[in-house]
Amino acid sequence: MVEVILSILAPQVLLFLIIGTIVGLFIGALPGLSATMGVALLVPLTYWVEPEAGLAMLIAIYCSAIFSGGVPAILINTPGTPASMTTAFDGYPLTQQGQGRLALGINAIYSALGGIISTIFLLILAKPIASFALSFGPPEYFALALFGICMMISVSGKAIIKGLMTGFIGLFIATIGLDIMVGQPRFTFNQVELLDGISFIPIMIGLFGIGEVLIQITANDELKVKTKKALGRLFPTKEERKEMRKPFLFSSFTSTFIGAIPGAGGDIATIINWEQAKRFSKKKELFGKGSLEGLAASCTSNNGVIGGAFTTMLTLGVPGDSVTAILIGALMVYGMQPGPGFFTTHAEFGYTIVVLLFIANVLVLLIGLLGANLFSRILLIRQEMVWVAVIIFCIVGSYSLNNSLFDVWIMFIFGIVGFFLRKLDFPLGPLILGLILGPMLEENLRRSFALNIDSSYMFYLQRPIFMILIILSVISLLYPAIKQMITKRKKNA
Amino acid sequence: MRKVNIIFDAIVLISAIFLFYISFSLPEGSGSPGSNPAIYPQIVLLLIIAFSVIDIMKIVAQKNKEAFLQAVERKNVKNVVIITLLIALFIFLFKKVPFIVLATVIIFIQCLVLKQKWGTALIIAVVLSVSVYSLFVYGLNVIL
């Protein structure tokens, strides 16, 4: 272990870690650019250096890009990555209340802590986590997606019907394209571009980026003057830290497990943990309006999934998400095959990865806190300059996803739709939720039916994880109504 | 607000009914459980129809006289329309006109619409378009 730490403290490795953190910071902060893209672009560059140094840069990009997606979400209500959507729910209202710097501080601290805790889990519980993740079949994936979908009501605020409407529109948009089971085009109207479906990233960029800019241009700018003057403090107080402790601990634990499940990444983890933080909070009414608990849950979950994703990658050779899929390729080029025997045959390198993850998250904390002052300066820039910059980044960012103008038009259309939805008080969160969870929900529901040839209930009843998730979904749907009934009865009594 | 909301809901309702009708033209699949590609979207569309009808009924029942645009916002509508059209023009001419030229011109006009001075607008337009071009083309290998 000492040898591993010494090899990582070599100047070349540290330099690549810092470069990776800075590159990741920019990639994550720009809407449309993802950690996957950053890692994929820089993989070829790492072949010319020592494996430790190359991997250091890729891991640093991954950790930093996921964290920095929260920066534009907090400052301009435009999530840099899908995983930072719920960061915008509470981060942006905090900025509007003149506490942008505090939100950035929480983003840096809790993203780093989430990453560190999940790395510790990776070190201690790699095998049990991996076997838990492997026990997920189509019914469990369906139940997990359903559990996330139940959040639609929660993120709708007071406009539940409108929220459900946009949520189901999101679920419908996710069905457009080739059918996953039989390969039949659905709702494509003979348009070749629609065969692959509509990616949710251009939609998210349009709704939150262009939509927000159009709303801000329309609105009175008195509020902006207030937020410009007040940036606030960076660190949370002792009381605030105490308030955020529960959602932080809960999110860091669950996000590691969610990250370990192949295909369920940071976006799903943040959605589920934000919802659960709200459910157990004493200040539910603050969620979506600048809740520190909500922000802490989102930020912790962002980076908390990384340790989980690495767990399945290293112990099973199964990528937890798209970035770890690329990293598997990189490790194979270095002559290593991740899988059950990885920690036996390449024990030293396995621990190198664990230590690199740990240091990368510490760097996220340092750069996040040091950079918070610089990031928050964006609020001091003339808003007109920010608007034109956001517009051009939205256009180029959505184009760069697939080098497709179709994605840019989708982004534009949803920018206008986003403007109207906001003006008419339709919540945007459920729409993105439907888009993210829709394919997972449908695909696994239909696969479950296909697997259960006899249509037997026992097929589902014999799956404990499925049953637990279904029960949790039912409870999360019924709990608000039951609680309301109990409160009414108590009042009447 | 009421009127615009009802129009919006009506558009969603009509689109959902149309798509529901279209969904019947999808093939039924192999007959094995889960193979029918139409059932899931049909359920989703039925729920959209139900929620949009409920929302329309709720709005009709309400006596909300709040305007879609406040007095201050009405002054800025012209700017929003021009900016939106400029974005559409940008996307339309993207790949037809060299990026730096197109971005500089569009950003410059947008800045003027947003009441920036000529000099400031020109500096913002040139700096922003050149930096975005350099970042994406040289930094991220995106062909613009």
Side-chain angles (χ1 to χ4, degrees), chain A residues 26-27 30 33 37-38 41 161-162 164-165 168-169 171-172 175 179 181-182 184 186-187 210 213-214 217-220 382 384-385 387-389 391-396 399-400 403 405 408-409 412 415-416 419-421 423-426 438 441-442 445-453 455, chain B residues 1 4-5 8-9 12 16 19 22-23 26-27 29-30 32-35 37-38 40-41 44-45 47-48 51-52 54-55 58 68-70 72-73 76-77 79-80 83-84 87-88 90-91 94-95 99 103 106-107 110-111 114-116 124-125 128-129 132 135-136 139-144:
Chain A
F26 282 100
I27 288 174
L30 295 175
L33 301 188
M37 187 185 184
L41 275 170
I161 296 295
K162 287 182 194 291
L164 288 170
M165 210 170 135
F168 280 94
I169 290 173
L171 284 176
F172 173 74
T175 67
D179 176 60
M181 298 285 277
V182 290
Q184 173 69 35
R186 292 190 299 188
F187 312 107
I210 298 288
V213 167
L214 295 180
I217 295 173
T218 324
N220 188 343
R382 272 189 207 164
E384 291 82 1
M385 282 166 71
W387 292 336
V388 289
I391 290 171
I392 194 157
F393 274 115
C394 286
I395 294 171
V396 183
Y399 174 77
S400 66
N403 286 349
L405 266 179
V408 188
W409 281 114
F412 174 68
I416 297 170
F419 171 79
F420 280 98
L421 289 178
K423 285 301 301 170
L424 297 170
D425 296 330
F426 278 87
L441 186 82
E442 186 194 2
L445 173 68
R446 291 172 63 191
R447 281 206 174 133
S448 303
F449 284 143
L451 279 174
N452 184 13
I453 305 163
S455 302
Chain B
M1 186 89 144
V4 183
N5 206 338
F8 184 85
D9 283 351
V12 173
L19 291 164
I22 294 275
S23 70
L26 292 171
S30 62
S32 60
S35 68
Y40 175 82
V44 172
L45 286 166
L47 286 164
I48 294 173
F51 289 128
S52 47
I54 296 170
D55 199 42
K58 263 182 87 177
F68 179 66
L69 291 170
Q70 307 298 316
V72 190
E73 292 175 334
N76 296 324
V77 167
N79 286 352
V80 174
I83 294 286
T84 310
I87 299 171
F90 191 121
I91 303 170
F94 200 75
K95 289 284 168 187
F99 179 83
I106 298 283
I107 294 170
Q110 282 179 341
C111 287
L114 295 169
K115 297 182 179 82
Q116 297 294 295
I124 295 171
L128 200 56
S129 49
V132 169
L135 176 69
F136 279 84
L140 300 164
N141 272 338
V142 177
I143 303 158
L144 292 177

### Message
If you count heavy-atom pairs within less than 4.5 Å of chain B, which of A/I210, A/I392, A/T175 leads?
### Response
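Highest number of pairs under 4.5 Å: A/I392.
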### Message
Heavy-atom pairs under 4.5 Å with chain B: which of A/V396, A/D425, A/L405, A/L445 has the most?
### Response
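Most pairs with chain B among the choices: A/V396.
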Any side-chain heavy-atom pair of [X] and [Y] under 4.5 Å:
X      : Y      : answer
B/L26  : A/D179 : no
A/F426 : B/D9   : yes
B/P37  : A/R446 : yes
B/L135 : A/F26  : no
B/L45  : A/F168 : no

How long is the gap from [atom1] on [X] to [atom2] on [Y], to the nearest 0.5 Å?
X      : Y      : atom1 : atom2 : value
A/L164 : B/F51  : CG    : CZ    : 4.0 Å
A/W387 : B/L114 : CH2   : CG    : 6.0 Å
B/N76  : A/I217 : CG    : CD1   : 8.5 Å
B/T84  : A/L214 : OG1   : CG    : 4.5 Å
A/I391 : B/I83  : CD1   : CD1   : 5.5 Å

### Query
What closest approach, in Å, do A/A389 and B/L128 show between heavy atoms, and which atom pair accounts for it?
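Nearest pair, atom of A/A389 first, then B/L128: CA-CD2, 3.6 Å.
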### side chain to side chain contact (heavy atoms under 4.5 Å, CB included) partner of A/E384, chosen from B/K115, B/Q116, B/Q110
B/Q116
Chain B heavy atoms under 4.5 Å from [X]: which part of the residue, side chain, backbone, both or neither?
X      : value
A/E442 : both
A/V182 : side chain
A/L424 : both
A/F393 : side chain
A/I169 : both

### Neighbour count >12 (heavy atoms, 6.0 Å) for atom CZ, A/F187
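Counting neighbours around CZ of A/F187, more than 12 heavy atoms of other residues, nucleotides or ligands fall under 6.0 Å, so yes.
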### Message
Can you tell me how the ring of A/Y399 sits relative to the ring of B/F94, calling it parallel under 30°, perpendicular over 60° and tilted otherwise?
### Response
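A/Y399 and B/F94: perpendicular rings.
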Among [options], which residue forms the greatest number of heavy-atom pairs with chain A at distances under 4.5 Å?
options              : answer
B/I91, B/V142, B/I48 : B/I91
B/S23, B/S52, B/A88  : B/A88
B/I87, B/I54, B/I22  : B/I87

### Task
Go through the atoms of B/V4 and report whether side chain, backbone, both or neither lie under 4.5 Å from a heavy atom of chain A.
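Both backbone and side chain.
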### Query
Step by step, would you call A/L441 with B/Y40 a side-chain contact (heavy atoms from CB on, under 4.5 Å)?
CA-CA 10 Å; A/L441 186 82; B/Y40 175 82; 3.5 Å; yes
#### Entry: A/K162 backbone acceptor or donor facing B/D55 side chain under 3.5 Å
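Absent.
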